[in-house]
Amino acid sequence: MDTNIYYIPEHKAVSITSNFAEEKKWMDLGVNPKIEYIPMTISDFSKYGIKGIGFTKVDNNYFQTIKGIFSDFNFNSVAFHNSTVDLSNVTIDVRELFIGDKSKIDISAKNFKNLKEVTFLSVKTFKGKVLSPLDSVEKAVLWDSTKASTLPEMFPNLKELTINKGGLTELDLINNKNLERLDIRLCSKLERILLPDNHKLNYVFIENCKNLDVSNLPVSVTSVWPVRKEKKDTSSISKNTTGDQDIDSLLHDLKDNMENYMKDANPYSQDDIEECIDLLSNHVKSVFKTNSKDEALKIVKSTILKLNALNDKCDGTLIETNEREQIAEIIILVGNKMGYNDVDEDVTEEWREW
């Protein structure tokens, strides 16, 4: 494995990589921005004001030959990407640690001095272990957490925790008694968060965690997006009933969402909302009467084209990101109930313009 060392002036950082050819390819193609890489050696470290160091596709044999740099220098940040590294008998003086995807590295408190922030770019593909609690860490960012991830427990003095995406179903923060800020996004399977009795939370943000029970979160400092509505009794509303309670509930949630936005910005009219709901209600009832997937897809196409026209009339404001997800969920769900498509199969994508 041909491993090289480069200084990156723009970031005042060093890249140690066996993957430079691929990085250069992406720069040449314009996928990644072009930045200057200056070839260097270990003996050149003292020539530059190096703030960070990153290892990409570095094997342990090479790492052991250069690990002495951590005895001679301290860094603001250290990153390991797709690397296999043994940190036994290594102590790194660093403030921020980044562990990228597919990295095999065991970490413990004895491996670090002054470590304050840790980021795991993919908990799901992390092949190492956290061998002992890292008491000095105050901020952690976790991407792609697994169902049974217990990483927060290994950082007992956290003040800030961010979790982005993943299959986490329960988040145990009982041992994180000093936590002040909690930010959780795109964890659709997360159902509950366990908090210590005397928590110190002063900021909580929850985004797109539709299955999460937020009843135990401190109301005064918690924001949830999309805003949750109380389920309405649809039994007395007959005009747009489809005969399916799940879909009727989704239709009323969509209507509420559109009406609330209209009150704030007034970008479209109540008639536009009613027309949208009528289209979807009629769509559902029509699909329920079909006998084949092909017949249902013709109705899907017709409905989507009508919704495209309606949204164009409203200058694209009626169906934006949240409304798109709600409408797609309704159309996909009715097809799924008829056995025509899976719940994760977007049958609207071919024709929709929103």
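Keep in mind it's a predicted model, so treat the numbers as computed, not measured. When a residue number appears, it is its place in the shown sequence, counting from 1.
At least one donor-acceptor pair closer than 3.5 Å links the side chain of N111 to the backbone N or O of L87. Under the 3.5 Å distance criterion, the side-chain polar atoms of N76 are left unmatched by any main-chain donor or acceptor of G52. The backbone N or O of I319 sits less than 3.5 Å from a side-chain atom of N311, completing a donor-acceptor pair. Of the possible polar contacts, none joining the N114 side chain to the V94 backbone as a donor-acceptor pair under 3.5 Å is found. No donor-acceptor pair closer than 3.5 Å links the side chain of S103 to the backbone N or O of I99. A donor-acceptor pair under 3.5 Å is formed between the side chain of T17 and the backbone N or O of N19. Although no hydrogens or angles enter the test, the distance criterion places a donor-acceptor pair under 3.5 Å between the side chain of Y340 and the main chain of S292. N336 places no side-chain N or O within donor-acceptor distance of the main-chain N or O of I332, the cut-off being under 3.5 Å. With S281 contributing its side chain and I277 its backbone, the two residues share no donor-acceptor pair below 3.5 Å. In this structure, the side chain of D342 does not engage the main chain of D344 through any donor-acceptor pair within 3.5 Å.
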| request: Kindly indicate, with the supporting measurements, whether the criterion side-chain contact (heavy atoms from CB on, under 4.5 Å) is fulfilled by L318 and L310. | output: CA-CA 8 Å; L318 184 67; L310 176 59; 3.6 Å; yes
| request: For E323 and N257, run side chain to side chain donor-acceptor pair (under 3.5 Å): C-alpha distance rounded to whole Å, both residues' side-chain angles, the deciding distance at 0.1 Å, then the answer. | output: CA-CA 8 Å; E323 294 77 19; N257 190 37; 3.0 Å; yes
| said: Let's go through K67 and D86 carefully: what are the C-alpha distance in whole Å and the side-chain angles of both, what is the deciding distance for salt bridge (Lys or Arg N to Asp or Glu O under 4.0 Å) to 0.1 Å, and is it a yes or a no? | reply: CA-CA 10 Å; K67 66 182 182 181; D86 181 2; over 6 Å; no
| said: Run the side chain to side chain donor-acceptor pair (under 3.5 Å) test on D59 and T84 for me, step by step, so that the C-alpha distance in whole Å, both residues' side-chain angles and the decisive distance to 0.1 Å come before the verdict. | reply: CA-CA 5 Å; D59 65 25; T84 299; over 6 Å; no
| said: N157 vs N178, test: side chain to side chain donor-acceptor pair (under 3.5 Å). Steps then yes/no. | reply: CA-CA 6 Å; N157 293 317; N178 297 317; 3.3 Å; yes
| said: Determine whether D271 and S269 satisfy the following criterion, side chain to side chain donor-acceptor pair (under 3.5 Å), listing intermediate values before the conclusion. | reply: CA-CA 5 Å; D271 287 343; S269 70; 4.8 Å; no
| query | Checking salt bridge (Lys or Arg N to Asp or Glu O under 4.0 Å) for the pair K165/E207: CA distance, chi angles, key distance, verdict? | reply | CA-CA 10 Å; K165 297 176 61 181; E207 179 181 349; over 6 Å; no
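A salt bridge is defined here as a Lys NZ or Arg NE, NH1 or NH2 lying under 4.0 Å from an Asp or Glu carboxylate O, and R352 with D346 meets this definition. Ionic pairing of D183 and R185 is present here: one or more N-O contacts between side-chain nitrogen and carboxylate oxygen are shorter than 4.0 angstrom. Ion pair D197/K177 not flagged as a salt bridge, since none of the NZ, NE, NH1 or NH2 atoms sits closer than 4.0 Å to an Asp/Glu carboxylate oxygen. Checked for salt-bridge contact, D294 and K298 miss the test: no charged N lies under 4.0 Å from a carboxylate O.
A heavy-atom distance below 4.5 Å is not found between the side chains of Y62 and V85. In this structure, E191 and L212 have side chains that are not in contact, with every pair of non-hydrogen atoms separated by 4.5 Å or more. No side-chain heavy atom of P196 sits less than 4.5 Å from a side-chain heavy atom of N175. Inter-residue side-chain proximity for E23 and M27 is flagged as met; some heavy-atom pair is nearer than 4.5 Å. No side-chain heavy atom of V141 sits under 4.5 Å from any side-chain heavy atom of F120. Side-chain contact check for C209 versus I206: some heavy-atom pair is nearer than 4.5 Å. Residues K116 and V137 fail the side-chain proximity criterion, which asks for heavy atoms closer than 4.5 Å. Residues P39 and I5 are not in side-chain contact: their nearest non-hydrogen atoms beyond the backbone lie 4.5 Å or more apart.
Residues C314 and T317 share a closest heavy-atom pair of O-OG1, 2.6 Å. Considering every non-hydrogen atom in both D101 and S122, the closest pair reads CB-CB, 3.8 Å. Closest non-hydrogen pair, V58 versus I16, comes out as CG2-O, 3.4 Å. Nearest approach of L195 to P218, heavy atoms of both residues: CD1-CD, 4.4 Å. Heavy-atom minimum distance, I174 versus D172: N-OD1, 3.0 Å. Across all their heavy atoms, N208 and P226 have their closest contact at OD1-CD, 3.4 Å.
One distance of note links NZ of K124 with CG of L168; it measures 13.0 Å at 0.5 Å rounding. Interatomic distance, N322 CG to M258 CE, rounded to the nearest 0.5 Å: 10.5 Å. Here OG1 of T348 is found 10.0 Å from CD of E350. Values are rounded to the nearest 0.5 Å. Atom-to-atom distance recorded for R181:CZ and K159:NZ is 13.0 Å, nearest 0.5 angstrom. Between L171 atom CG and L161 atom CG the span is 6.5 Å, to the nearest 0.5 Å. H81 contributes atom NE2, which lies 12.5 Å from atom NZ of K57 (distance to the nearest 0.5 angstrom).
Using the six-membered ring where Trp is involved, F70 and F55 have ring planes that are tilted, between 30° and 60° apart. The aromatic rings of F73 and F45 sit tilted relative to each other, their planes meeting at an angle between 30° and 60°.
For R95, the CZ atom is loosely surrounded, since the number of other residues' heavy atoms within 6.0 Å does not exceed 12. Counting non-hydrogen atoms of neighbouring residues, nucleotides and ligands closer than 6.0 angstrom, the NZ atom of K102 reaches no more than 12 such neighbours. Other residues, nucleotides and ligands place more than 12 heavy atoms under 6.0 Å from the NZ atom of K25. No more than 12 heavy atoms of other residues, nucleotides or ligands sit less than 6.0 Å from atom CG of N89. Within a 6.0 Å sphere centred on NZ of K301, other residues, nucleotides and ligands contribute 12 heavy atoms or fewer. For R324, the CZ atom counts as densely surrounded, since its 6.0 Å shell holds more than 12 non-hydrogen atoms of other residues, nucleotides or ligands.
Applying salt bridge (charged side-chain N to carboxylate O under 4.0 Å, His left out) to E275 and the options K306, K255, K313 leaves one that passes, K313.
In terms of hydrophobic clustering, with Ile, Leu, Val, Met, Phe, Trp and Tyr side chains grouped at heavy-atom distances under 4.5 Å, W351 and L333 are assigned to a common cluster. V90 and F112 end up in the same hydrophobic cluster when Ile, Leu, Val, Met, Phe, Trp and Tyr side chains are linked at under 4.5 Å. When the side chains of ILVMFWY residues are joined at heavy-atom separations under 4.5 Å, either directly or via intervening members, W143 and L182 end up in two distinct hydrophobic clusters. At a threshold of 4.5 Å between side-chain heavy atoms, the hydrophobic network of Ile, Leu, Val, Met, Phe, Trp and Tyr places L151 and L179 in one connected group. Two different hydrophobic clusters hold Y6 and Y48 under the rule that ILVMFWY side chains link at heavy-atom gaps under 4.5 Å.
For an aromatic pair to be called close, the ring centres must be under 6.0 Å apart, and F98 with F80 fails this.
A donor atom on one side chain and an acceptor atom on the other are found under 3.5 Å apart for D248 and T242.
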